[in-house]
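Start at 1 with the first residue, then count along the sequence. Just so it is clear, the structure is predicted and the values come from calculations on it, not from any experiment. When reading the values below, keep in mind they use all heavy atoms of this one structure, side chains included, and skip hydrogens, waters and symmetry mates.
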Amino acid sequence: MDSFNFQPVLKGETISLRPIHESDFDGLFDSASDKKLWEGHPVKNRYKADEFKKWFKSALESDSALVILDQLTNRIIGSSRFYVVNSEHDDISIGYTFISRQYWGGKTNYEVKKTMLTYAFKYFKVVWFHIAPSNIRSQKATQKIGGIFSYEKNSNISGKFEPWMFYKIEKENWLQ
């Protein structure tokens with residue numbers, strides 16, 4: 001059996017995901033430089049170049065960040081990643097996701113998560129989503145794809161100790 005790859009190349013119907021590269025900065029910043037994207041996020045000024053550079057450096061260093069591409073145009077439209085919060089459990093997390101606002105309200109987020117979940121469930125029984133309590137938009141989007149709120153607790157997921165809401169999707173529920 002092959003092992004889980006934190007930076008796979010994945011293809012959906014209209015999107016694809018691939019590992020982030022240093023040359024992706026301009027495309028990612030272009031898709032992330034909309035103030036509205038970060039309204040509910042703990043780092044509300046990530047649309048500014050200086051703050052986005054910090055995120056980009058962290059994304060490169062994570063060895064797990066993916067860029068999301070519109071397959072029709074091959075344009076970068078966002079980013080997401082797989083990560084582990086608690087290595088004691090046989091589970092994985094999906095997060096750090098942002099998608100250009102012009103792709104909101106349609107099927108793009110669902111397709112990104114479906115593509116990532118399908119891959120993750122080849123290896124894991126549970127996928128977690130960690131969402132800031134202020135990020136109502138992401139909470140609703142996670143519920144829309146089948147995420148179930150499990151609990152809220154303080155955690156250092158983002159590098160500082162703060163409250164997070166934990167949603168999960170179990171493989172058996174996803175396959176139904």
Side-chain angles (χ1 to χ4, degrees), residues 1-32 37 41 43 46 52-100 103 107-132 135 138 141-142 144-148 150 155-159 164-176:
M1 180 177 164
D2 57 340
S3 61
F4 184 79
N5 178 356
F6 280 86
Q7 288 183 301
V9 173
L10 302 172
K11 291 199 181 287
E13 291 177 38
T14 64
I15 57 93
S16 59
L17 297 107
R18 64 156 174 79
I20 190 173
H21 303 296
E22 228 169 290
S23 60
D24 293 326
F25 179 85
D26 289 339
L28 279 166
F29 183 62
D30 184 53
S31 65
L37 257 67
H41 194 272
V43 184
R46 193 167 282 159
F52 189 77
K53 284 178 187 172
K54 293 176 194 174
W55 174 89
F56 188 74
K57 181 179 186 291
S58 168
L60 286 172
E61 291 172 352
S62 75
D63 292 325
S64 63
L66 302 166
V67 295
I68 305 166
L69 300 158
D70 178 325
Q71 286 192 78
L72 186 62
T73 63
N74 207 34
R75 180 176 163 250
I76 294 174
I77 62 168
S79 180
S80 192
R81 68 178 90 163
F82 293 107
Y83 62 99
V84 175
V85 168
N86 187 346
S87 60
E88 295 174 21
H89 300 290
D90 185 25
D91 54 19
I92 192 82
S93 299
I94 294 174
Y96 298 87
T97 305
F98 69 87
I99 298 173
S100 297
Y103 291 86
K107 65 178 187 172
T108 303
N109 183 59
Y110 176 79
E111 187 177 345
V112 168
K113 298 303 184 349
K114 176 184 173 189
T115 303
M116 293 178 77
L117 285 162
T118 299
Y119 177 73
F121 284 136
K122 291 178 183 176
Y123 302 91
F124 301 98
K125 292 184 172 139
V126 177
V127 175
W128 290 95
F129 299 84
H130 307 102
I131 304 169
N135 197 340
S138 290
T142 301
K144 196 173 178 179
I145 63 167
I148 305 295
S150 294
S155 180
N156 67 346
I157 292 166
S158 65
W164 289 93
M165 299 179 78
F166 288 65
Y167 287 80
K168 71 177 176 178
I169 298 178
E170 295 177 335
K171 181 178 182 176
E172 62 190 40
N173 295 334
W174 177 254
L175 297 175
Q176 292 177 2

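- Summarising the geometry of Phe4 relative to Ala120, their closest heavy-atom pair is CE1-CA, 4.2 Å, with the distance given to 0.1 Å.
- Here the rule is side chain to side chain donor-acceptor pair (under 3.5 Å) with Asn109, and of Lys107, Glu111, Lys113 only Lys113 fits it.
- If you take CD1 on Ile94 and OG on Ser64, they are separated by 11.5 Å, rounding to the nearest 0.5 Å.
- No side-chain donor-acceptor contact under 3.5 Å links Glu172 to the backbone of Lys125.
- At least one side-chain heavy atom of Phe56 sits under 4.5 Å from a side-chain heavy atom of Leu28.
- Put simply, the side chain of Thr118 gets close to the backbone of Lys114: a donor and an acceptor are under 3.5 Å apart.
- Here the shortest heavy-atom pairing between Asp91 and Val126 reads CB-O, 3.2 Å.
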*Audit row: Met116, Leu66, side-chain contact (heavy atoms from CB on, under 4.5 Å) steps and yes/no*: CA-CA 10 Å; Met116 293 178 77; Leu66 302 166; 4.0 Å; yes
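- In this structure, Tyr119 contributes its side chain and Asn5 its backbone to a donor-acceptor pair below 3.5 Å.
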*Can Thr14 and Leu72 be said to form a side-chain contact (heavy atoms from CB on, under 4.5 Å), step by step?*
CA-CA 7 Å; Thr14 64; Leu72 186 62; over 6 Å; no
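- Using a distance-only test at 3.5 Å, with no hydrogens or angles considered, no donor-acceptor pair links the side chain of Ser31 to the main chain of Ser100.
- For Arg18 against Ile76, the heavy-atom pair with the smallest separation is NH2-CD1, 4.2 Å.
- Using cut-offs of 30° and 60° for the angle between ring planes, the His130 and Tyr83 rings count as tilted.
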*Where do Asn173 and Ile148 land on the side-chain contact (heavy atoms from CB on, under 4.5 Å) test, with the steps shown first?*
CA-CA 10 Å; Asn173 295 334; Ile148 305 295; 5.6 Å; no
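- Taking the side chain as every heavy atom from C-beta outward, Lys53 and Phe29 never approach each other to under 4.5 Å.
- Shown here for Phe52 and Arg46, the closest heavy-atom pair between the two residues is CB-O, 3.4 Å.
- To the nearest 0.5 angstrom, Phe82 atom CZ is 8.0 Å from Leu17 atom CG.
- One distance of note links CZ of Arg75 with CG of Leu69; it measures 10.5 Å at 0.5 Å rounding.
- Atom-to-atom distance recorded for Glu170:CD and Ser150:OG is 7.5 Å, nearest 0.5 angstrom.
- Across every non-hydrogen atom of Phe6 and Asp63, the tightest pair is CB-O, 3.8 Å.
- Atom CD1 of Ile131 sits about 10.5 Å away from atom CZ of Phe166, to the nearest 0.5 Å.
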*Please assess Phe98 against Ile68 for the test side-chain contact (heavy atoms from CB on, under 4.5 Å), listing each intermediate value before the final yes or no.*
CA-CA 9 Å; Phe98 69 87; Ile68 305 166; over 6 Å; no
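- Counting heavy atoms from C-beta outward, Ile145 and Phe129 have side chains that approach closer than 4.5 Å.
- For the residue pair Ser80 and Thr97, the shortest heavy atom distance occurs at OG-OG1, 2.5 Å.
- In this structure, the side chain of Gln7 engages the main chain of Ala65 through a donor-acceptor pair within 3.5 Å.
- At a threshold of 4.5 Å between non-hydrogen side-chain atoms, the residues Tyr103 and Asp70 count as touching.
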